[in-house]
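Below, each value reflects all heavy atoms present in this structure, side chains not excepted, and no hydrogens, waters or symmetry copies. In this text the structure is predicted, and so the values were computed from the model without any measurement. Here is how names work: the chains are called A, B, and so on, in the same order as the sequence lines, proteins then strands, and each is numbered from 1.
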Amino acid sequence: MNSIRANPQAGLDIHMLDVQFIRDNLEAVKANCKNRNVTADVDRVVALDEQRRQILQQQQVHQHRQNEISKLIPKEKDKDKKQALIQEGRDLREKVAALENQVKEVEAELKTVLMTIPNMSHPDAPVGLTPADNKVISKVGEPKKFDFKPKDHVALAEALDIVDFEAGSSVAGQKFYFLKNEAVLLELALVQYAFGKLLEKGYTPIITPDVAKVDVLEGIGFMPRGPETQIYSLANTDLCLIATAEITLGGMHRDRIFDELDLPIKYVGMSHCFRTEAGAPGRDTRGLYRVHQFTKVEMFVFCTPDQSDGLHQELLAIEESIFQGLGLPYHVIDTCTGDLGGPAYRKFDIETWMPARGEAGEYGEVTSTSNCTDFQSRRLGIRFKSTKQKGTRFVHTLNGTAVAVSRALVAILENYQQADGSVVIPEALKRWVGRDVISRKGGISG
RNA sequence: GGAGGGGUGGCAGAGCGGCCGAUUGCACCGGUCUUGAAAACCGGCAAGGGUCACACCUUCGAGGGUUCGAAUCCCUCCCCCUCCGCCA
């Protein structure tokens, strides 16, 4: 078909969900949009694709003739005939150019519509439209009973002088903060702890850039240009601050063709994460739970289609082992279709108990792991080649939080607090923090 | 920041207006030979679209231009390398 455009290298590829797949599974795609609470004009995709193919076909006919002519010309001895051929070639050039413009227009619209269509959903993902339909699939540990009224992490942190929210908002604005004293050590400890766990599992450690180009963001499934974007853009560049290392880790191998034998490729990467939190006004306004910047250790996997379900379970198991190691009670949620977000085929969240959240404690999200199947790889042009099969196929990508530091801090401070306002350091982190307890008098040098 | 040199198939590396989607080497796959292996020899081997299969179309960093025709010429941008300067 195509000219120029469907080449993944060109960065213009229009596959979000595979158009062919949409054509072949029209009803399923529509049903999926409904389940996901997404309004998308799926029929329009088919219509536009039809148009596009037609134009392309016409264009091909002309191109074919063009190629013929340019081969004939050097052989043609007769002057008049030669002139005639050259003239025909000129005409064809214009026709092809005109058709190409049409294709561009159609494809631009197609891409816009395609962008709104979410990934398909795992057959076992609970169907439902709101977070209320999320399903708790396992629960580990019991919420701790306190014989005093537990304070929230903000009160604890301020009294212990380990987080400075006021300075944060003064320097950078609301929802920014300074970590101080033991909170700094805790962040470093959490990072060390997470990397340690993942290294044991054979993941390759990475520290990624904290910025990425717009088309990488879009490839991963973020929409930096949207009105409700979560993404900070850097003025006068095509760069954005990343919202997660998923973006940079996923983008790391764009336009790459792997050998099947090299898969799966497993990374554990650290980055800072920046989120505007647009569309979440008034929610979780206090403290570290919802902030504009935090540090996160993220897992990311490239694999073959038949590996992805298994690896999704692996990522979840690792996340669980991390939070078990921290001694925090949690449950696991199988996210319902309506709450999946665009790229995910299935998503599990870990929510740990946060004793001071809500009225009398609530579970709060601390990790999230998604199987994005080929949704991201298709946009980023990440394929693999197998010796058994001709051609290439798109890899599957998965991501999962190892530790999102700010939220882990919330959980640790609130769960490990004592009646006197001091906080015990989780056993697993003591070797890096270098002390057992954070107490009010415990200055950093103490 | 200054001065040069480059970006071609998995890698290396030719080509510098039509005979080039691309010489060749390595790697890889299949075969012959061998008890087996190595070597040697023969054959295959970029991707995407399209087709039952062919045909056919597109792609030589990206975008634009010149031309009947561009990997090859012109413009813009990106990336990489070398030398000098500066710096955590």
Side-chain angles (χ1 to χ4, degrees), chain A residues 1-24 48-108 110-111 114 207 209-216 218-219 234 236-239 248 251-263 265 302 374 377-395:
Chain A
M1 55 137 226
N2 132 347
S3 55
I4 333 168
R5 221 127 316 257
N7 178 2
Q9 307 292 107
L12 278 165
D13 60 323
I14 55 165
H15 309 72
M16 302 294 122
L17 241 191
D18 187 18
V19 180
Q20 187 63 49
F21 178 86
I22 294 176
R23 297 166 66 91
D24 294 345
L48 286 167
D49 184 54
E50 196 56 49
Q51 240 187 81
R52 171 169 163 276
R53 281 160 185 264
Q54 261 174 32
I55 303 170
L56 246 20
Q57 208 171 19
Q58 243 183 93
Q59 193 187 0
Q60 257 191 41
V61 172
H62 289 147
Q63 282 171 325
H64 178 38
R65 178 64 185 156
Q66 243 181 342
N67 290 340
E68 258 174 17
I69 290 180
S70 52
K71 277 182 189 131
L72 288 176
I73 288 177
K75 293 187 206 135
E76 184 56 64
K77 296 295 176 231
D78 183 287
K79 272 232 167 93
D80 289 344
K81 283 184 184 167
K82 192 167 194 157
Q83 262 322 306
L85 284 174
I86 289 177
Q87 189 53 49
E88 189 184 351
R90 282 196 190 119
D91 295 344
L92 282 171
R93 187 169 65 198
E94 275 169 33
K95 282 182 193 162
V96 169
L99 288 172
E100 183 152 343
N101 283 333
Q102 285 182 42
V103 173
K104 272 187 192 166
E105 277 175 37
V106 172
E107 287 192 346
L110 183 55
K111 179 172 175 176
L114 233 23
I207 292 178
D210 287 338
V211 298
K213 294 178 183 174
V214 169
D215 50 333
V216 174
E218 286 177 345
L234 299 180
N236 305 321
T237 70
D238 63 343
L239 292 172
T248 40
M252 208 171 157
H253 294 305
R254 67 161 155 167
D255 294 329
R256 170 89 179 261
I257 299 172
F258 288 111
D259 192 322
E260 181 172 19
L261 297 174
D262 295 333
L263 299 175
I265 290 173
F302 301 87
D374 62 355
S377 61
R378 194 176 287 287
R379 300 172 166 209
L380 291 168
I382 310 171
R383 303 150 192 273
F384 73 97
K385 196 191 232 171
S386 111
T387 48
K388 302 173 211 94
Q389 242 175 350
K390 216 179 124 100
T392 55
R393 294 148 74 200
F394 288 104
V395 302

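Here CG of A:L99 is found 12.5 Å from NZ of A:K104. Values are rounded to the nearest 0.5 Å. Here A:I22 contributes atom CD1 and A:D49 contributes atom CG; the two are 8.5 Å apart, rounded to the nearest 0.5 Å. In this structure, the separation between NZ on A:K213 and CG on A:L239 is 7.5 Å, given to the nearest 0.5 Å.
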**OP:** Could you go through the side chain to side chain contact (heavy atoms under 4.5 Å, CB included) check for A:L56 and A:Q60 one step at a time?
**Re:** CA-CA 6 Å; A:L56 246 20; A:Q60 257 191 41; 5.8 Å; no
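As a whole-Å value, the separation of A:K95 NZ from B:C57 P is 17 Å. For the pair A:D238 CG and B:G63 P, the interatomic distance rounds to 16 Å; values are reported in whole Å. Atom P of nucleotide B:A47 and atom CZ of A:F394 are separated by 14 Å, given to the nearest angstrom. Whole-Å rounding puts the A:Q57 CD to B:C57 C1' distance at 11 Å. Taking atom CG of A:D259 as the reference point, atom P of B:C28 lies 12 Å away to the nearest angstrom. As rounded to whole Å, 16 Å separates atom P of B:A46 from atom CZ of A:R383. In this structure, the CG atom of A:N101 is 13 Å from the C1' atom of B:G64, given to the nearest Å. B:U58 atom P lies 13 Å from atom CG of A:L99, rounded to whole Å.
By the 6.0 Å contact criterion, CD on A:E68 is enclosed, its count of non-hydrogen atoms from other residues, nucleotides or ligands being greater than 12. Annotation: A:Q87, atom CD; neighbour count of heavy atoms from other residues, nucleotides and ligands within 6.0 Å is above 12.
Under the 30°/60° scheme for interplanar angles, the aromatic rings of A:F258 and A:H253 are found to stand perpendicular.
B:A62 and B:C79 have their C1' atoms separated by 10 Å, with the value rounded to a whole Å. Comparing the P positions of B:U24 and B:U35 gives a spacing of 34 Å, expressed to the nearest Å. Distance noted for atom P between B:G61 and B:G21: 15 Å (whole Å). Taking atom C1' in both B:A88 and B:A14, the straight-line distance is 43 Å, to the nearest Å. The gap from the C1' atom of B:G48 to that of B:A37 amounts to 40 Å, rounded to the nearest Å. B:U66 and B:G7 have their P atoms separated by 25 Å, with the value rounded to a whole Å.
Not a single salt bridge (Lys or Arg N to Asp or Glu O under 4.0 Å) links A:R93 to another residue, sequence neighbours left out. Under the rule for a side-chain contact (heavy atoms from CB on, under 4.5 Å), the partners of A:L261 that lie at least two apart in sequence or sit in another chain are A:D259. When the side-chain contact (heavy atoms from CB on, under 4.5 Å) test is applied to A:Q51, the partners found at least two apart in sequence or on another chain are A:L48, A:V106. Under the rule for a salt bridge (Lys or Arg N to Asp or Glu O under 4.0 Å), the partners of A:E50 that lie at least two apart in sequence or sit in another chain are A:R23. Checked against salt bridge (Lys or Arg N to Asp or Glu O under 4.0 Å), A:R393 has no partners two or more places apart in sequence or in another chain. Applying the side-chain contact (heavy atoms from CB on, under 4.5 Å) test to A:I257 and every residue at least two apart in sequence or in another chain returns A:R383, A:K385, A:T392.
Here A:R379 does not pair with A:E218 in a salt bridge; the nearest charged N to carboxylate O distance is not below 4.0 Å.
A 4.5 Å side-chain heavy-atom check between A:Q59 and A:Q102 finds every atom pair outside the cut-off.
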For residues 70-79 of chain A, which side-chain N or O atoms pair as donor and acceptor with protein atoms under 3.5 Å away, sequence neighbours left out?
| unit_1 | atom_1 | unit_2 | atom_2 | d |
| --- | --- | --- | --- | --- |
| A:S70 | OG | A:Q66 | O | 3.2 |
| A:S70 | OG | A:N67 | O | 3.1 |
| A:E76 | OE2 | A:D78 | N | 3.1 |
| A:D78 | OD1 | A:D80 | N | 3.0 |
| A:D78 | OD1 | A:K81 | N | 2.9 |

Pairs under 3.5 angstrom, nitrogen or oxygen only, protein versus nucleotides 72-79 of chain B, please.
none

Between protein and nucleic acid, restricted to nucleotides 53-55 of chain B and to nitrogen or oxygen atoms under 3.5 Å apart, what atom pairs and distances do you find?
none

Tabulated below should be each protein N or O lying under 3.5 Å from an N or O of nucleotides 6-13 of chain B; please produce it.
none

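Shortest non-hydrogen contact noted between A:G381 and A:F394 is CA-CE2, 4.4 Å.
For the contact set between residues 64-77 of chain A and RNA chain B, defined by any heavy atom under 4.0 Å, the members are A:H64, A:N67, A:S70, A:I73, A:P74. Residues from residues 79-93 of chain A placing a heavy atom under 4.0 Å of any atom in RNA chain B, listed by number, are A:I86, A:G89, A:R90, A:R93.
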